[in-house]
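Naming: A, B, ... by sequence-line order, numbering from 1 per chain.
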Protein chains: 2
Amino acid sequence: MTNEVRLLRFLAQDMTQAELGRRVGLTRQTIAAIEQGRYSPSLDVAFRIAHLFGKRVDEVFHWQPGGDQETKTPNSDAS
Amino acid sequence: MTNEVRLLRFLAQDMTQAELGRRVGLTRQTIAAIEQGRYSPSLDVAFRIAHLFGKRVDEVFHWQPGGDQETKTPNSDAS
DNA sequence: ACATAATGTCAAACATACATAACATCATGT
DNA sequence: ACATGATGTTATGTATGTTTGACATTATGT
């Protein structure tokens with residue numbers, strides 16, 4: 001899961017991490033972590049960031065079908 | 001944050017919650033909670049669900065700019 | 001009447017996103 | 001040389017997504 005946040009931030013008059021964080025309601029540390037891909041944000045945060053840059057979520061965050069962990073299938077209920 | 005998961009599930013040959021959960025690596029309980037909007041999923045889960053139905057994230061999950069809680073602005077660092 | 005499948009719901013554990021606070025480096029300017 | 005702003009990073013705590021297991025209702029079929 002990669003993203004274009006850093007690039008979009010530079011394209012937006014070199015907006016700072018702190019400024020971006022302020023506008024979308026996050027801390028600058030969280031913005032930094034997202035830019036570095038240390039974790040993928042919540043869907044809500046993804047929408048807020050994408051909306052700020054006038055983009056769709058899939059234009060800002062790039063996802064690949066097998067790109068994640070090979071999801072350990074949950075058990076759900078055993079009967 | 002509303003979504004079309006339940007509708008899309010019916011359109012896909014009445015796929016069951018458990019079946020959908022199995023295919024995207026979630027439990028049926030989580031699918032039920034997402035359909036009812038009890039919480040918004042992670043971005044990763046949103047991508048997996050949207051991809052399964054051949055849709056974009058914003059086609060499956062509908063987000064409104066002010067729709068959320070009036071996010072209590074974080075402090076970040078005080079100097 | 002009994003079984004089974006699909007769904008709702010709940011409580012407790014667990015995983016991870018996010019905040020807060022602190023300290024660090026690097027660049028720029030005075 | 002000193003200050004300031006932007007970013008990296010780490011540790012700790014809180015909020016919330018997710019699993020697991022259980023029990024319930026409703027419908028359908030035998």
Side-chain angles (χ1 to χ4, degrees), chain A residues 1-52 57 60-63 67-79, chain B residues 1-52 57 60-63 67-79:
Chain A
M1 175 87 87
T2 64
N3 66 77
E4 306 296 329
V5 174
R6 195 178 192 103
L7 174 61
L8 290 168
R9 195 161 55 79
F10 289 149
L11 295 181
Q13 296 104 21
D14 281 333
M15 186 189 310
T16 189
Q17 287 182 341
E19 174 65 11
L20 172 56
R22 194 187 62 76
R23 292 213 212 172
V24 297
L26 296 174
T27 62
R28 67 171 190 86
Q29 291 93 330
T30 299
I31 298 294
I34 290 173
E35 285 186 1
Q36 298 168 209
R38 291 228 302 272
Y39 46 67
S40 61
S42 68
L43 181 55
D44 186 68
V45 164
F47 268 118
R48 298 212 296 270
I49 294 176
H51 180 257
L52 181 69
V57 168
V60 178
F61 298 92
H62 303 333
W63 179 83
D68 254 335
Q69 303 303 33
E70 277 308 321
T71 314
K72 173 182 56 174
T73 302
N75 286 347
S76 206
D77 300 356
S79 67
Chain B
M1 178 86 88
T2 64
N3 67 76
E4 306 296 327
V5 173
R6 194 177 194 105
L7 175 61
L8 291 168
R9 194 161 56 80
F10 289 148
L11 295 182
Q13 295 103 20
D14 281 332
M15 185 188 311
T16 191
Q17 287 182 341
E19 175 64 13
L20 172 56
R22 195 187 60 77
R23 292 213 212 172
V24 298
L26 294 175
T27 61
R28 68 172 190 84
Q29 291 91 330
T30 301
I31 298 295
I34 290 173
E35 284 187 0
Q36 297 168 209
R38 292 226 305 270
Y39 48 67
S40 61
S42 69
L43 179 57
D44 187 67
V45 164
F47 269 118
R48 297 212 297 269
I49 294 176
H51 179 258
L52 180 69
V57 168
V60 178
F61 297 91
H62 303 331
W63 178 85
D68 253 334
Q69 304 302 34
E70 278 307 320
T71 314
K72 173 181 56 176
T73 302
N75 286 346
S76 206
D77 299 355
S79 64

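Atom CG in Asp44(A) sits about 12 Å away from atom P in dA19(C), given to the nearest Å. Counting to the nearest Å, the P atom of dT16(C) and the CG atom of Leu26(A) are 20 Å from each other. Look at CD on Gln29(B): it is 16 Å from P on dA12(C), rounded to the nearest Å. Counting to the nearest Å, the C1' atom of dT20(D) and the CD1 atom of Ile31(B) are 16 Å from each other. In this structure, CD1 of Ile49(A) is placed 13 Å from P of dA17(C), rounded to the nearest angstrom. The distance from atom CE of Met1(A) to atom P of dT16(C) is 14 Å, rounded to the nearest whole Å. Going from atom CD of Glu35(A) over to atom P of dT7(D) covers 8 Å, rounded to whole Å. A straight line from CG of Asp14(B) to P of dT28(D) spans 12 Å, rounded to a whole angstrom.
Remark: Glu35(B) engages Arg9(B) in a salt bridge, criterion side-chain N to carboxylate O under 4.0 Å.
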Quick one, Phe47(A) with Val60(A), criterion side-chain contact (heavy atoms from CB on, under 4.5 Å). Give me CA distance, side-chain angles, the key distance, then yes/no. CA-CA 10 Å; Phe47(A) 268 118; Val60(A) 178; over 6 Å; no

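Contact annotation: the side chain of Phe10(B) never approaches that of Met15(B) to less than 4.5 Å [non-hydrogen atoms, C-beta and beyond]. Considering only heavy atoms from C-beta on, Asp44(B) stays 4.5 Å or farther from Phe61(A) through its side chain.
Using modelled atom types, no side-chain atom of Asn3(B) and backbone atom of His62(B) make a donor-acceptor pair closer than 3.5 Å.
In the set dT18(D), dA22(C), dA6(C), the nucleotide with an atom closest to the side chain of Ser42(B) is dT18(D). Among the nucleotides dG8(C), dA22(C), dT20(D), the one closest to any side-chain atom of Gln17(B) is dG8(C). In this structure, the nucleotide among dT7(D), dT18(D), dT20(C) sitting nearest to the side chain of Pro41(B) is dT18(D).
Within 4.0 Å (heavy atoms only), Arg38(A) reaches at least one base atom of the nucleic acid.
Between dG8(D) and Arg6(A), a contact under 4.0 Å exists linking OP1 or OP2 to a side-chain N or O. At dT7(D), one or more side-chain N or O atoms of Thr16(A) fall inside 4.0 Å of OP1 or OP2 (strictly under the cut-off). For the pair Thr30(A) and dA19(C), the criterion of a side-chain N or O lying under 4.0 Å from OP1 or OP2 is met. Residue Arg28(A) has no polar side-chain atom (N or O) positioned under 4.0 Å from OP1 or OP2 of dA22(C).
Residues Gln36(B) and Tyr39(A) both approach DNA chain C. Their nearest nucleotides, taken by heavy-atom distance, put Gln36(B) toward the 5′ side.
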